Amino acid sequence: MKKVLVVDDSPTIRQQIGRALGDAGFDVVEATDGVDGIDKIDSDRAIGMVILDINMPRMNGLEMLEKVKQQSENENLPVIMLTSEGQKSLIERAKRAGAKGWIVKPFKTELLVGAVRKLMTA
Amino acid sequence: MMSTTMSTTVRHPSGPETRALIHQIAACACTKLFESYGVRLVQVDPSANPTLPVILSGLVGFSGPGIRGASILAASEKPIAKSNPVDGSLADWIAELANQLVGRIKNQMLLRGADLYVTTPIVLPGDHIAPMRRPDITPLVFAADGGSVYVWIELETQPEFVLGTPSEVVSEGEALLF
């Protein structure tokens with residue numbers, strides 16, 4: 001089973017996502033912001049999907065997404081943005097950078113797990 | 001599903017008009033936010049005293065062309081604890097709630113043609129925290145089972161602030177796969 005990296009500055013959200021994905025049989029690792037997220041991806045090649053918040057300190061999620069996708073080895077790494085932002089222009093920016101999904105908080109557990117399953121098996 | 005409003009008329013609302021609009025949006029946003037986490041809020045008279053002391057506050061700043069301000073979400077223990085989806089830190093959770101509240105306000109302002117950029121949240125712990133009294137900052141007050149929730153909106157607008165072309169917005173709880 002591939003690992004899912006959850007990048008969010010809120011421990012509550014990380015725990016909520018971790019529990020939902022763990023119950024669904026996924027292996028979950030966590031990062032607290034964009035800088036930490038890039039470190040985790042660089043050091044753990046078993047990570048097969050990223051759930052990524054936007055509004056975080058140090059490096060926001062869109063900046064992290066763009067940096068990660070600039071590396072050719074991450075070209076096929078699926079990324080779902082999970083954020084309180086619903087702005088079309090931000091969604092288009094994420095899509096252009098290579099994101100595969102966008103979920104606006106608060107999220108429904110079954111919706112998130114379903115999206116992860118679909119993208120992990122695509 | 002993407003949402004947009006129908007009107008595309010550019011308007012320059014006055015400061016008081018903008019404040020009234022954001023208060024109206026914030027009241028609805030706060031009620032729906034807590035409702036989505038299983039806590040029912042009822043808006044009450046701002047002069048009402050809190051039934052229990054506020055223990056935590058989350059502050060998120062925002063700015064955009066011709067507008068800047070901050071939103072403070074404060075609550076007593078029970079509404080924060082009851083809305084928390086995991087058995088975790090209340091301080092962390094009010095930060096996330098404050099962030100999601102401003103996200104909802106931003107999305108509603110986008111639908112009215114105004115863009116906002118938001119800061120990351122700051123948490124202030126302590127009893128009876130409230131801004132200094134100012135006639136233009138009236139709190140939104142909500143009663144909840146076992147406690148109270150407050151929202152203060154600090155707001156300044158300049159003449160260049162406009163409500164114009166609506167942006168498309170994805171609603172809270174919705175998902176898009178590309």
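Numbers restart at 1 for each chain; the letters A, B, ... are given by sequence-line order, proteins then strands. Just so it is clear, the structure is predicted and the values come from calculations on it, not from any experiment.
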| said: Would you say that more than 12 heavy atoms from the other residues, nucleotides or ligands in this model lie under 6.0 Å from the NZ of A:Lys67, or not? | reply: no
| message | Please identify which of these residues, B:Val170, B:Leu110, B:Val169, meets the side chain to side chain contact (heavy atoms under 4.5 Å, CB included) condition with A:Gln87. | response | B:Leu110
| Which of A:Pro106, A:Gly114, A:Gly101 touches chain B most, by non-hydrogen pairs under 4.5 Å | A:Pro106
| request: Check whether B:Asn107 gets within reach of chain A through its side chain, its backbone, both or neither, counting any heavy atom under 4.5 Å. | output: side chain
| remark: Heaviest contributor of heavy-atom pairs below 4.5 Å to chain B, chosen from A:Met81, A:Lys118, A:Arg19, A:Lys95, is A:Lys95
| Check: B:Arg104 and A:Ser84 side chains under 4.5 Å, non-hydrogen atoms | no
| query | Out of curiosity, A:Ile80 CD1 to B:Phe178 CZ, how far, rounded to the nearest 0.5 Å? | reply | 9.5 Å
| A:Thr12 vs B:Glu96, side-chain contact (heavy atoms from CB on, under 4.5 Å): CA-CA, chis, key distance, verdict | CA-CA 8 Å; A:Thr12 304; B:Glu96 180 60 25; 5.7 Å; no
| field | Crowding at CD, B:Glu77 (>12 non-hydrogen neighbours, <6.0 Å) | value | no
| note | Okay, B:Val118 and chain A: the region with an atom under 4.5 Å from a heavy atom over there is both
| remark: Residue pairs meeting side chain to side chain donor-acceptor pair (under 3.5 Å), one or both in residues 24-38 of chain B, sequence neighbours left out, come to B:Tyr37-B:Gln100
| field | Contacting region of A:Met56 [heavy-atom separation from chain B under 4.5 Å] | value | backbone
| said: A quick test of your reading: do over 12 heavy atoms of other residues, nucleotides or ligands sit less than 6.0 Å from CZ of B:Arg68? | reply: no
| field | Residue pairs passing the ring-ring contact (aromatic ring centres under 6.0 Å, His included) test where at least one lies in residues 152-177 of chain B, sequence neighbours excluded | value | B:Tyr150-B:Trp152
| said: Apply side-chain contact (heavy atoms from CB on, under 4.5 Å) to residues A:Val104 and B:Glu174 and explain how you reach the verdict. | reply: CA-CA 6 Å; A:Val104 182; B:Glu174 301 219 4; 5.5 Å; no
| request: Would you give the length of the straight line joining atom CG of B:Asp92 to atom CD of A:Gln15, rounded to the nearest 0.5 angstrom? | output: 9.0 Å
| Under a 4.5 Å heavy-atom cut-off, does chain B meet the side chain of A:Leu82, its backbone, both or neither? | neither
| query | Should we count NZ of A:Lys100 as having more than 12 external heavy atoms under 6.0 Å? | reply | no
| Side chain / backbone / both / neither for A:Leu112 at chain B, heavy atoms under 4.5 Å | neither
| query | To the nearest 0.5 Å, how far apart are CG in B:Asn99 and OG in A:Ser10? | reply | 8.5 Å
